[in-house]
2 protein chains.
Amino acid sequence: MPRESVPTKTRAPRRRSATSAVTMADVAAAAGVSTQTVSRALRDPASVSGETLQRIEEAVRNTHYVQNFAASHLASNRSMTVAAIIPAISTSIFAETIQGLSDVLLPEGYQVFLGHTDYVAAREEALIRSLSGRRPDGFFIIGTQHTRDATHILKRAGVPVVESWGLTSRPIDLVVGFSNHAAMKTVVNHLADRGYHRLTFAGVMKPGDDRAKERRKGFLDAHGERFPGVEPQVVTVASNSMIMATGAELLDLVRATYPETDAIVFTSDVLASGAVLRCNDLGVRVPADLAITGFGNYDIAGHLRPSLTTVAIASRRIGMLSAELLLARMQNKPVTERVIDIGFELLVRDSS
Amino acid sequence: MPRESVPTKTRAPRRRSATSAVTMADVAAAAGVSTQTVSRALRDPASVSGETLQRIEEAVRNTHYVQNFAASHLASNRSMTVAAIIPAISTSIFAETIQGLSDVLLPEGYQVFLGHTDYVAAREEALIRSLSGRRPDGFFIIGTQHTRDATHILKRAGVPVVESWGLTSRPIDLVVGFSNHAAMKTVVNHLADRGYHRLTFAGVMKPGDDRAKERRKGFLDAHGERFPGVEPQVVTVASNSMIMATGAELLDLVRATYPETDAIVFTSDVLASGAVLRCNDLGVRVPADLAITGFGNYDIAGHLRPSLTTVAIASRRIGMLSAELLLARMQNKPVTERVIDIGFELLVRDSS
DNA sequence: CTGTTAGCGCCTTCAT
DNA sequence: ATGAAGGCGCTAACAG
């Protein structure tokens with residue numbers, strides 16, 4: 001550890017670094033240049049002469065230097081990180097979105113802080129609060145509805161924010177999503193066109209899931225238009241997991257509650273798949289006895305028999321587009337569109 | 001000798017903070033205390049008198065102060081972050097592991113950096129290198145085989161490292177996993193016991209997927225024991241995605257290559273499910289004509305008809321246990337077990 | 001193209 | 001229980 005050259009100090013020099021005592025100063029010393037030159041070589045190799053660059057690169061290798069981004073962040077006021085906040089990581093279509101986000105950001109040198117809220121608004125706020133302390137250069141968040149304080153913190157952060165998987169006329173900053181309301185209306189219209197007339201909406205409604213609420217509203221609005229005077233049928237559960245077993249349970253619940261139902265509109269392919277498979281077990285013919293629709297176009301949807309009518313969402317693309325918007329903002333490039341509607345696609349298959 | 005202060009400010013003071021000009025000093029001023037007291041109040045409220053604490057909390061609220069963790073990190077040499085490295089986020093059972101990890105770490109104040117490697121060793125190394133610069137207080141990584149340099153960086157980081165989803169006698173630091181080799185032997189033995197005797201191993205083998213390699217080896221070893229002299233049958237693809245369509249393709253490939261096959265051992269439930277559904281389409285009876293086994297006990301496995309024989313892995317638990325080990329290390333608590341084998345469970349269902 | 005200087009915002013150490 | 005001093009490792013600003 002060649003760092004002793006200040007004999008005039010009365011106190012022993014502070015040694016707090018437990019790990020990696022190698023600093024930029026060590027590299028600079030080894031290469032015979034100033035720390036500034038090392039810093040420049042690391043961030044913009046072209047700004048240093050070829051010979052100097054080589055010496056520095058060699059010094060980096062010899063010393064096993066690993067740059068400390070916390071110091072860099074503090075000095076430059078750029079953290080080179082993006083905070084991503086999603087409801088759940090597992091069993092979730094949002095994983096694809098995060099992969100898309102990450103696929104675009106990592107090659108640009110940005111790293112991703114990931115947190116999940118379990119669909120609880122208070123947890124979302126706490127997470128945003130906590131992640132703000134990391135001073136990310138951008139935020140990515142699922143959903144367009146947040147607590148007052150959460151919104152406030154995001155706005156005060158002074159960095160780009162992308163809300164996603166929904167649309168809103170009053171975004172915090174940027175939005176990449178689609179209309180859950182319109183998507184569900186499309187499903188209802190499709191079923192009505194096919195002649196189904198006793199529709200039931202079924203799904204898991206977590207308190208903090210504004211996408212599910214939008215979908216329910218889309219169902220109700222379309223139902224009112226297509227079946228005026230008919231009482232809409234809605235069956236939801238709040239605490240169940242998003243698993244196929246829940247879909248099977250919901251099927252049973254719908255059949256018990258509204259036996260006259262001839263089509264079930266599920267909020268997710270996971271639930272719809274569970275229901276289709278249970279129908280097969282029960283001898284209920286899909287779609288002859290009962291039509292079933294899903295949401296999300298999961299892998300399974302096209303492989304089930306009957307194959308599942310559903311709404312395809314470009315989940316990965318949401319992540320990639322969001323990352324591109326964030327990058328543009330973070331690199332001070334112009335962003336023309338503040339709200340990007342990526343749309344959706346109704347995939348009519350055999351279950352309806 | 002104290003350095004002289006320079007009262008002659010010839011230059012204007014630097015102002016680099018674009019965002020959140022509120023610092024601890026502002027809070028301290030508002031509360032009429034020193035920054036030190038604010039710092040203490042934030043990290044250990046009990047170390048400050050009740051009245052002072054209240055004034056500080058009020059000042060924090062009024063100023064909208066958000067602590068800067070980068071500065072905290074630099075000064076304390078603790079980042080309160082954990083880096084997590086997984087092959088893929090989406091369509092992946094690892095998402096559950098990350099959720100488990102995150103569920104344990106977030107409440108303790110740690111935040112998670114997430115990166116994915118797409119099963120490419122070089123990307124893993126690059127990611128580890130890059131994440132090291134964030135000076136995480138711990139690493140979590142899927143797999144037990146890494147490049148020389150990657151291993152070296154992890155060791156030099158001087159923080160706890162958990163490798164997972166496999167076992168090794170020479171861990172970098174800690175391991176939480178199970179034997180993929182033993183799991184696959186168990187599957188083969190089960191099939192052999194049931195009277196199947198022309199087994200084919202089928203799966204996606206990405207170059208950097210050491211779990212898949214271990215599984216293949218387990219298959220081959222068990223096959224050699226149970227069917228001495230019989231040439232083992234292996235059908236793998238390298239570049240296909242882990243989706244059901246690939247399972248259907250593999251089924252076709254196996255039937256074309258080894259028509260005498262009476263049982264297919266897949267490396268994943270996703271593939272096995274695709275194969276089962278295709279068998280249903282083709283009129284191939286499972287398990288009468290062909291037995292099929294999966295791996296991972298995904299949600300779908302129990303709902304398929306026939307239901308899928310598979311190996312259950314406590315994916316979420318791997319994450320939680322890993323987090324607990326990391327926490328123990330990071331908080332200087334004793335860790336007795338360096339290698340934790342969480343085992344696996346063969347679930348015999350109707351497909352075999 | 002390279003070096004010097006000062007400071008990013010917080011925490012550790014020491015003193016009271 | 002609180003305050004003062006200094007430095008964590010790096011980079012912006014300025015000079016040459």
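Each chain gets a letter, A, B and so on, in the order its sequence line appears, and its residues count up from 1.
Between the CG atom of B:Leu74 and the P atom of C:dG7 there is a distance of 17 Å, given to the nearest Å. A straight line from CG of B:Asp44 to C1' of C:dT12 spans 15 Å, rounded to a whole angstrom. Regarding B:Arg55, its CZ atom lies at a distance of 11 Å from the C1' atom of D:dT2, rounded to whole Å. Rounded to a whole Å, the CG atom of B:Asn68 is 18 Å from the P atom of D:dC8. Going from atom CG of A:Leu42 over to atom P of D:dC10 covers 9 Å, rounded to whole Å. The interatomic distance linking A:Met24 (CE) with C:dT4 (P) rounds to 16 Å, in whole Å. Protein atom CE of B:Met80 is 22 Å distant from nucleotide atom P of D:dC8, rounded to whole Å. Spacing between atom CZ of A:Arg78 and atom P of D:dC10 amounts to 17 Å, rounded to whole angstrom units.
When each of C:dC10, C:dT4, D:dT2 is scored by its nearest atom to the side-chain atoms of B:Thr37, the top-ranked nucleotide is D:dT2. The A:Arg40 side chain lies nearest to C:dT2 when the options are D:dC10, C:dC10, C:dT2.
When each of A:Val33 and B:His73 is assigned the nucleotide of DNA chain C bearing its nearest heavy atom, the one mapping closer to the 5' terminus is A:Val33. For the pair B:Ala71 and B:Ser49, both in contact range of DNA chain D, the more 5′-proximal nearest nucleotide belongs to B:Ser49.
Distances shown here put every side-chain N or O of B:Ser34 at or beyond 4.0 Å from the OP1 or OP2 atom of D:dA4. Here B:Ser76 does not reach the OP1 or OP2 of C:dC10: none of its side-chain N or O atoms lies under 4.0 Å away. Contact annotation: A:Ser72 does not reach the phosphate of D:dC10 (side-chain N/O to OP1 or OP2, under 4.0 Å).
A:Ala28 comes within 4.0 angstrom of nothing in the nucleic acid, heavy atoms only. A:Thr35 comes within contact range of at least one nucleobase, with a heavy-atom separation under 4.0 Å.
In this structure, B:His146 and B:Glu125 have side chains that are not in contact, with every pair of non-hydrogen atoms separated by 4.5 Å or more. In this structure, A:Glu124 and A:Thr147 have side chains that are not in contact, with every pair of non-hydrogen atoms separated by 4.5 Å or more. Using a 4.5 Å heavy-atom threshold, the side chains of A:Val339 and A:Pro171 count as touching.
B:Phe139 pairs with exactly one of B:Val162, B:Ile85, B:Asp173 by the side-chain contact (heavy atoms from CB on, under 4.5 Å) rule, that one being B:Ile85.
Remark: the B:Gln36 side chain and the C:dT12 base include a donor-acceptor N/O pair separated by less than 3.5 Å. Remark: the A:Arg135 side chain and the C:dG9 base include no donor-acceptor N/O pair separated by less than 3.5 Å.
Aromatic rings from B:His152 and A:His64 are positioned such that their centres are separated by under 6.0 Å.
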